[in-house]
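Heavy atoms only: backbone and side chains are in, while hydrogens, waters and symmetry mates are out. Position 1 is the first residue of the sequence; numbering continues from there.
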Amino acid sequence: HVQLVESGGGLVQAGGSLRLSCAASGRTFGNYAMGWFRRAPGKEREFVAAIAANGGSTYYADSVKGRFTISRDNAKNTVYLQMDSLKPEDTSVYYCTARTIPTMSSTASNYAYWGQGTQVTVSS
């Protein structure tokens, strides 16, 4: 079983930056692809970004491409989401996810483990 704990959310003005972190338990973190999803009030959950187990490949939703960067430190069992040029429409609860195989996916049902989420609010 893998536990995921997100941190780093908060309130920021439009154009600002935040870095989310997700700490994972377990000794097999390096075997898991990781992802970030988000859900805004009244909207469905949507894919944000994913990274392969070895960190060699990343994938982004079009809405965040060029503004967000996903990375990981397998020695620290941690995945990050650097969010720059934030917009009010980025306001959501952001969830860290883990997939029990090394390859990325943008499909939520392919991820076995989920964190509790961290709120990001971008004011205009």
Side-chain angles (χ1 to χ4, degrees):
H1 184 70
V2 176
Q3 288 188 314
L4 303 173
V5 179
E6 302 99 334
S7 61
L11 173 64
V12 64
Q13 288 188 330
S17 298
L18 282 174
R19 188 175 84 152
L20 305 183
S21 298
C22 173
S25 65
R27 294 176 291 179
T28 55
F29 177 78
N31 295 334
Y32 296 164
M34 301 294 294
W36 288 94
F37 287 74
R38 66 187 182 186
R39 176 173 279 163
K43 295 187 177 181
E44 294 187 356
R45 180 173 51 189
E46 66 172 345
F47 168 75
V48 176
I51 187 167
N54 64 4
S57 299
T58 57
Y59 181 60
Y60 298 92
D62 288 343
S63 59
V64 306
K65 199 174 296 181
R67 300 187 299 121
F68 290 12
T69 303
I70 188 171
S71 62
R72 66 190 296 160
D73 186 339
N74 286 350
K76 295 182 178 180
N77 279 20
T78 302
V79 63
Y80 305 96
L81 185 68
Q82 177 67 41
M83 306 186 294
D84 299 318
S85 302
L86 283 161
K87 304 174 180 180
E89 51 264 43
D90 294 318
T91 295
S92 287
V93 177
Y94 283 73
Y95 298 91
C96 173
T97 65
R99 193 179 189 204
T100 56
I101 62 175
T103 52
M104 302 179 292
S105 174
S106 61
T107 303
S109 60
N110 286 336
Y111 288 86
Y113 301 104
W114 293 77
Q116 293 298 307
T118 185
Q119 176 70 48
V120 171
T121 303
V122 184
S123 63
S124 57

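- With a 4.5 Å cut-off on side-chain heavy atoms, R38 and E46 count as touching.
- Side-chain atoms of R67 come within 3.5 Å of backbone atoms of S85 as a donor-acceptor pair (strictly under, hydrogens ignored).
- Residues W36 and V64 share a hydrophobic cluster, clusters being chains of Ile/Leu/Val/Met/Phe/Trp/Tyr side chains in contact below 4.5 Å.
- Listed for the R72 side chain is no donor-acceptor partner under 3.5 Å among the backbone atoms of G30.
- Side chain of E6 to main chain of Q116: a donor-acceptor pair is present (N/O by atom type, distance under 3.5 Å, no hydrogens or angles).
- Residue L86 holds its CG atom at 10.0 Å from CD of E89, rounded to the nearest 0.5 Å.
- Within the 3.5 Å criterion, the main-chain N or O of D73 finds no donor-acceptor partner in the side chain of T78.
- Considering only heavy atoms from C-beta on, P102 stays 4.5 Å or farther from Y32 through its side chain.
- Applying the ring pair (Phe, Tyr, Trp, His ring centres under 6.0 Å) test to every pair with at least one member in residues 51-92, sequence neighbours left out, gives these pairs: F47-Y59.
- Closest of all the heavy-atom pairs between V79 and F29 is N-CZ, 4.2 Å.
- Using modelled atom types, one finds no donor on one side chain facing an acceptor on the other under 3.5 Å when comparing R99 with Y111.
- With hydrophobic clusters built from ILVMFWY side chains whose heavy atoms lie under 4.5 angstrom apart, V93 does not share a cluster with I70.
- Judged purely by atom type and a 3.5 angstrom limit, S25 uses its side chain to pair as donor or acceptor with the backbone of Q3.
- A cation-pi contact, defined as under 6.0 Å to the ring centre and within 45° of the axis, links R45 to W114.
- Side chain of T107 to main chain of S109: no donor-acceptor pair is present (N/O by atom type, distance under 3.5 Å, no hydrogens or angles).
- With respect to the salt-bridge test (charged N to carboxylate O, under 4.0 angstrom), the residues K65 and D62 qualify.
- Between the N74 side chain and the A53 main chain, a donor and an acceptor come within less than 3.5 Å of each other.
- Hydrophobic cluster membership is shared by I51 and V2, with clusters built from Ile, Leu, Val, Met, Phe, Trp and Tyr side chains linked at under 4.5 angstrom.
- Within the 4.5 Å cutoff, the side chain of Q119 has heavy atoms near those of the T91 side chain.
- Between Y113 and H1, the two ring planes are perpendicular [angle over 60°; tilted spans 30° to 60°].
- Taking the side chain as every heavy atom from C-beta outward, L4 and M34 approach each other to under 4.5 Å.
- Counting heavy atoms from C-beta on, the side chains of V120 and M83 come closer than 4.5 Å.
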For residues 7-24, tabulate all N or O donor-acceptor pairs below 3.5 Å that involve a side-chain atom, not counting sequence neighbours.
residue : atom : partner : partner atom : Å
S17     : OG   : D84     : OD1          : 2.7

